[in-house]
Structures are given as C-alpha cells and as structure tokens.
Amino acid sequence: MQRHLISAADLTRDDAILLLDTAEEMARVADRPIKKLPTLRGRTVVNLFFEDSTRTRISFEAAEKRLSADVINFSAKGSSVSKGESLKDTAQTLEAMGVDAVVIRHGASGAPYRLATSGWIDAAVINAGDGTHQHPTQALLDAFTMRRRLVGRDAGIGRDLAGRRVTIVGDVLHSRVARSNVDLLHTLGAEVTLVAPPTLLPVGVETWPCEIAYDLDGTLPKSDAVMMLRVQRERMNAAFFPTEREYSRRYGLDGERMARMPEHAVVMHPGPMVRGMEITAEVADSDRCTVVEQVANGVSMRMAVLYLLLGGNEPAVTHTRPPAAQQSAGERSAHTFDTAEEK
Ligand code: NCD
C-alpha cells in the first residue's frame, strides 16, 4: 500500500482486495453494540472539506471515531479560507498542529495530489473527492457493496469481481465517482459499460478501460449492477441536454426499466439522489436499491483505509481467539488480523 490514497487508479489488485477484506473485518465491529476499536488512539485526523458534503464527511468522521482517532473538522465556510488563505497556508497550519492524516475534499482536481507531494505537510493524504477527477473511497465502498451482493459476504473474501457486468449511467462528464469506479472495477476484473448522452461523456473516454453505449434499455438486461449518477448542475456552465423531462425519459431509471434487469441485479447510487430526475422514488425505495447499504459500507471501508494507511499501533480488532491461534507474520492474511500482536 502507498502512503496516500489519491486515485483509485493507483491501487493494485492486491491492494484493492486487501482493502475489501479489511473492510469486511471492520464491518463486524459495526454489528457490535459498542462500535469502537482502540487502533488509532493518540493519532490526529483532520477532515478538510472545501466542498459541500453530507455522506462522505459524516462517514469519514464516524470511521475515525470508531478507530479512536482524535478528529478535527475543518470546513472552508467559516474558516480563514473565505478570507483568502491558500491551501499551502492551511496545510502549514495543520502541520504545526501535528496531524497524522488529512482527509481532503476540494473543488479543484489535483488538490489532494498537490498536498501529498508538496512537502507542506508530513501526513497521509486521503482524497475524499477532487473536482471532476477522483473519489477513490467511493469506488472502494461501491466495489465492497457489489462484492457482498454479487459474490457473497463470506464467499467474497479474497476474491475480485471478475466477469461481473456493471453499467454506470448519467453525467459521466462531471463525475469523479464514474472515473474512480471505472479504474477500480477494471482492476478487479469487472466489465464496465457507460451509458450517457454524448454531451455528458468526456473527451478521450474511448481510451478508458470500458465500453460505451447510448441505449439504456438494451444494456439493462446484461447488467449485474446499475449505478445511477446525479446530473451535477453545479459543475455545468452550458446546456447539456434539452430538458429534464427528456433526460429522465432516456436516461432515468423507473420501475418499468428496472424490470428489464436480471432478477439478481442491484441498483446503486452514490447519493445525493435527485428523485424524479435520474431515479424515480419507486426505484430509490425498492429492495433492489443499495443506496443506504452503500452508506453503511462506506464507514467500514473508510475504517479499512485509515487503518491500512496509518498502520494503527493497536490491534484492529481485539483479541477473540486463544493464544494458540497466534500466527507468524507470514501466515497472517488480511482478514485474520484479530490476533493481539498484530500491528
Ligand atoms: C458524489 C460526489 O460528491 O462526488 N457524492 C458522494 O460523494 N457520495 C456524487 C455527487 O455529488 O453526485
């Protein structure tokens, strides 16, 4: 594992599987009455949010607290950033306070990379979404959700998503979620198809490791998971489609369309959903829609990311086995790090 998590494209297949397996271990903690581990006791994590966020921000905070880290929340609104302070000065302020990890969301693509490579700060940097570029923890939690649903919770341990067909629908142009998912799903062996109006596909998309289609109805029967994207109006400076009605008619998912999907197939959405636009309330509230599950899985996945990047100095999961179960370092695998001597 690298020291920072900037892009889903930086993860090898082994890294990704280690993260998925570790998240599965972390999910067991979420099932306990007391959802807390001592792993990051004494470590400080700052959540640096320059862009709006609900899910991602709360999810990181919950993950950090469940690992017993000291958490500092920073939002650009109401901070000296609104007085014109630069990223460099903000970073140096955090460095002076001795933070161990920075979770950053920024409107500018590349801001987390700059922070990680600038030398302004000596902390692990985790990208929580930068511009239209990357959102690696979202791709990881999505892959985790797909592996659980399509391979199985226990059966999935150690496995990838080879041969699973994932369709990503909507505003690919402005979506860091789509970019990150295409990268990670490709690494995990899944077959990805993007479905979008031509105006909402980025230049160069033909070089991405995926297929492109324009006919949603023809693609749905061949999908194991269908991920709907929000139309990101806040990033649009022109008209990309004639009307909302027209968009929904061609690229929205309603009950009738969902019925074309194979029975086992799931509907995913990173949130926030715009009901009535890319997804109808009927689909959003159906059993096949994993949106709430994705949020729960997000906490486990972010715990896994923080644990693996910060290499916690306490066991991730407290001792549950007799000493005989202790293994040598070489024998340990990702999902058996509940032995007391594990670092
Ligand atoms: C996404 C984001 O911010 O990139 N949401 C999220 O993190 N859950 C997608 C979006 O805003 O539509």
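All values below were derived from every heavy atom in this structure, side-chain atoms included, with hydrogens, water molecules and symmetry-related copies excluded. We count ligands from 1, going down the list as the structure has it; atoms in each ligand are counted the same way. Predicted model, so just to flag it, every value in this text is computed and none were measured.
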For ligand 1, which atoms, with element, lie under 4.0 Å from some heavy atom of [X]?
X      : answer
Thr56  : 6 (C), 7 (O), 8 (N)
Gln232 : 10 (C), 12 (O)
Pro272 : 10 (C), 11 (O)
Val177 : 1 (C), 4 (O), 9 (C)
Arg230 : 10 (C), 11 (O), 12 (O)
Gln138 : 6 (C), 7 (O), 8 (N)

Original post:
At a non-hydrogen distance cut-off of under 4.0 Å, which region of Glu51 contacts ligand 1 (side chain, backbone, both, or neither)?
Top reply: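 It is neither; nothing of Glu51 touches ligand 1.
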Original post:
Relative to ligand 1, is Glu278 under 4.0 angstrom through side chain, backbone, both or neither, heavy atoms considered?
Top reply: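 Contact part for Glu278 vs ligand 1: neither.
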**OP:** State which residue, out of Thr44, Asn47, Asn73, fulfils the side chain to side chain donor-acceptor pair (under 3.5 Å) condition with Glu64.
**Re:**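 The residue from Thr44, Asn47, Asn73 that satisfies side chain to side chain donor-acceptor pair (under 3.5 Å) with Glu64 turns out to be Asn47.
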Original post:
In terms of ring plane angle, is the pair Phe240 and His174 parallel, tilted or perpendicular, where the classes change at 30° and 60°?
Top reply: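 Answer is perpendicular, since the angle exceeds 60°.
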Original post:
Which protein heavy atom lies closest to atom 7 (O) of ligand 1, and at what distance to 0.1 Å?
Top reply: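 Looking at atom 7 (O) of ligand 1, the protein heavy atom closest to it is His135 NE2, 2.8 Å.
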**OP:** Quick one: look up the protein heavy atom nearest atom 3 (O) of ligand 1 and list residue, atom name and how far away it is.
**Re:**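 Among all protein heavy atoms, the one nearest atom 3 (O) of ligand 1 is Arg176 NH2, 2.9 Å.
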Original post:
With sequence neighbours left out, which residue pairs that include part of residues 110-135 fulfil the salt bridge (Lys or Arg N to Asp or Glu O under 4.0 Å) condition?
Top reply: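 Sorted result for residues 110-135: Arg3-Asp122.
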Original post:
Judged by atom type as modelled, is there a donor-acceptor pair below 3.5 Å linking the side chain of Arg147 to the main-chain atoms of Leu161?
Top reply: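 No, the answer is negative, given that no donor and acceptor are paired below the 3.5 Å cut-off.
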**OP:** May I ask which of Ser59, Gly129, Gly271 has a heavy atom nearer to atom 1 (C) of ligand 1 than the others do?
**Re:**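 That would be Gly271.
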Subject >> Nitrogen or oxygen atoms of Glu234 and ligand 1 under 3.5 Å apart >> reply: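 Min N/O separation from ligand 1 is not below 3.5 Å for Glu234.
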**OP:** May I ask you to decide whether Glu293 forms a salt bridge with Arg149, counting only side-chain N to carboxylate O separations under 4.0 Å?
**Re:**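 Judged by the 4.0 Å cut-off on N to carboxylate O distance, Glu293 and Arg149 do form a salt bridge.
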Subject >> Heavy-atom gap Pro270 to ligand 1 smaller than 4.0 Å >> reply: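 Contact check Pro270 vs ligand 1: positive.
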**OP:** Only counting residues at least two apart or in another chain, list the ones meeting side-chain hydrogen bond (donor to acceptor under 3.5 Å, both in side chains) with Arg57.
**Re:**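 For Arg57, no residue satisfies side-chain hydrogen bond (donor to acceptor under 3.5 Å, both in side chains) once neighbours in sequence are set aside.
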**OP:** Going by the side-chain contact (heavy atoms from CB on, under 4.5 Å) test, name the single residue among Arg302, Arg148, Met146, Glu24 that passes it with Asn297.
**Re:**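 Considering Arg302, Arg148, Met146, Glu24, a side-chain contact (heavy atoms from CB on, under 4.5 Å) with Asn297 is found only for Arg148.
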**OP:** Tell me, please, whether Phe49 has Arg105 positioned over its six-membered ring: NZ or CZ under 6.0 Å from the ring centre and within 45 degrees of its axis?
**Re:**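 Geometry flag: not set, cation outside 6.0 Å or 45°.
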**OP:** Measure the shortest side-chain to side-chain distance between Gln138 and Ser180 over non-hydrogen atoms and say whether it is less than 4.5 angstrom.
**Re:**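 A side-chain contact is absent here, since even the closest heavy-atom pair is not under 4.5 Å.
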